[in-house]
Structure formats: structure tokens, C-alpha cells
Amino acid sequence: MEFENLLKLISAVSDSKLTGLKYEENGVKISMSKNGGKVQTVVLDQEETEHVLETTVQAPSAEKPMQGMIVKAPLVGVFYSAPAEGAAPFVAVGDRVSKGQTLAIIEAMKLMNEIESDYDGTIAEIFVKNEQVVEYGQPLFRIEA
């Protein structure tokens, strides 16, 4: 299954009232289940290697309206705030960023995907922690002009 199609499938299940889905194609088995605010995705590849993603979906506080520009996760995976273990994070709250600057990495199916800023501004909030599993469309950063 192509990666874009996998993302569409995860998004469709997340947005629906389904509580689970199992799918198999070309030796790859995908099992997704939802329970309250937790989503678990299990991918079993052709080498019988199991990849488990478990996410607790936490939306930013709805008490106050969000100001600034929000950088959202373009895919499901593991969020890394630094380029390597023990290295300094790409950005911290208060840092000035430019459009195209790398903010973080999301690992998905053993591929490292750099998350770049779409905006110029200052990092006002970071919504996720290092090595946290993130869901497609989940807010990662708030940037103020």
C-alpha cells in the first residue's frame, strides 16, 4: 500500500465512528482500533516485523482561541525534536524561525521526514514531547509573527 493511501485510510478511520479496521494487501497487514482518546495502529510487513503506533490524541486547550500560525503533523509517526539522541533540539520556545527551517523530524515506517516551518516568526508553543507518537493533522507548534 502506498504511504499516501495509508495516511488517507488512517484519517478516514480516525474521523469515522468505526472502532476498528483490519486490512491486508500484498503481504502487508494493517490493524487499527480506537478506544476513547487512544488510537492504535499495527502494521505487519512482509518480513513479519510488527510496527505498533499508539497515540493519545490531545488537542490544544480550547479554553482560549489559538493565535498565531499552527504547524500540524503531515503524517502519523514518532516525533523527534532533535536530529539525534543527545543532540540539542531543532527549536525551543522563544526561538526565531524562518520559512523552510527544520523544526523537527517525524519517523514513519523507518523513514525520517523533516518537518519544516511554513512561516517566519517565533516559536510560541510546542504541543508535543520528544518521542511522542503523533497523528495526522495534530498540532505540533504555534508560531507567532
Side-chain angles (χ1 to χ4, degrees), residues 1-16 18-23 28-145:
M1 171 179 272
E2 298 226 0
F3 191 69
E4 290 83 24
N5 292 336
L6 178 60
L7 291 178
K8 288 178 187 176
L9 181 63
I10 290 170
S11 180
V13 170
S14 295
D15 295 341
S16 74
L18 289 175
T19 57
L21 172 78
K22 290 185 180 183
Y23 180 80
V28 176
K29 299 174 186 175
I30 300 170
S31 174
M32 288 187 270
S33 60
K34 289 192 303 189
N35 185 9
K38 291 192 182 240
V39 177
Q40 183 178 43
T41 304
V42 178
V43 179
L44 189 62
D45 62 22
Q46 288 135 338
E47 290 85 35
E48 299 294 316
T49 304
E50 190 174 278
H51 308 280
V52 179
L53 299 175
E54 189 166 323
T55 307
T56 301
V57 181
Q58 296 176 344
S61 174
E63 296 170 7
K64 59 178 180 172
M66 260 200 249
Q67 297 176 345
M69 296 142 303
I70 305 299
V71 176
K72 296 181 179 180
L75 65 161
V76 174
V78 179
F79 175 89
Y80 293 104
S81 59
E85 192 173 330
F90 288 105
V91 294
V93 173
D95 287 355
R96 185 97 183 124
V97 295
S98 303
K99 184 175 182 176
Q101 180 178 341
T102 300
L103 303 175
I105 294 173
I106 294 180
E107 178 185 6
M109 299 188 74
K110 298 185 183 181
L111 294 175
M112 299 298 183
N113 302 278
E114 289 186 354
I115 307 306
E116 297 178 348
S117 177
D118 293 329
Y119 316 103
D120 291 328
T122 303
I123 301 290
E125 276 184 90
I126 302 174
F127 297 115
V128 293
K129 298 193 182 321
N130 190 45
E131 297 184 12
Q132 179 180 332
V133 176
V134 296
E135 191 170 304
Y136 173 78
Q138 180 177 347
L140 303 174
F141 300 93
R142 181 170 63 88
I143 299 175
E144 293 182 342

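Given the structure is predicted, the values throughout are model-derived calculations rather than measurements.
The minimum heavy-atom distance between Ala73 and Ile106, with the atom names listed, is CB-CD1, 4.0 Å. In terms of heavy-atom proximity, Val133 sits nearest to Gln138 at O-OE1, 4.3 Å. For the pair Met69 and Asp120, the tightest heavy-atom approach, listed with the atom from each and the gap, is CE-O, 4.1 Å.
Gln101 is linked by a side chain to side chain donor-acceptor pair (under 3.5 Å) to nothing, counting only residues two or more places apart in sequence or in another chain. Glu144 meets the side chain to side chain donor-acceptor pair (under 3.5 Å) test with Arg142; sequence neighbours excluded. Residues satisfying the side chain to side chain contact (heavy atoms under 4.5 Å, CB included) criterion with Asp118, sequence neighbours excluded, are absent altogether.
Residues Ile143 and Ser117 form a side-chain contact, since some pair of their non-hydrogen atoms from C-beta on lies under 4.5 Å apart. In this structure, Ile123 and Leu103 have side chains that are in contact, with non-hydrogen atoms separated by less than 4.5 Å. Looking at heavy atoms from C-beta onward, Leu140 lies out of side-chain contact with Phe127 at the 4.5 angstrom threshold.
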Donor-acceptor contacts under 3.5 Å from residues 80-96 side chains, at least two apart:
from, atom 1, to, atom 2, distance (Å)
Tyr80, OH, Glu107, OE1, 3.1
Ser81, OG, Asn130, OD1, 3.4
Asp95, OD2, Ala92, N, 2.8
Arg96, NH1, Gly121, O, 3.4
Arg96, NH1, Thr122, OG1, 3.4

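Here CE of Met112 is found 6.5 Å from CD1 of Ile105. Values are rounded to the nearest 0.5 Å. Interatomic distance, Leu75 CG to Tyr136 OH, rounded to the nearest 0.5 Å: 9.5 Å. Note that CZ of Phe141 and CD of Glu125 are 12.0 Å apart. Values are rounded to the nearest 0.5 Å.
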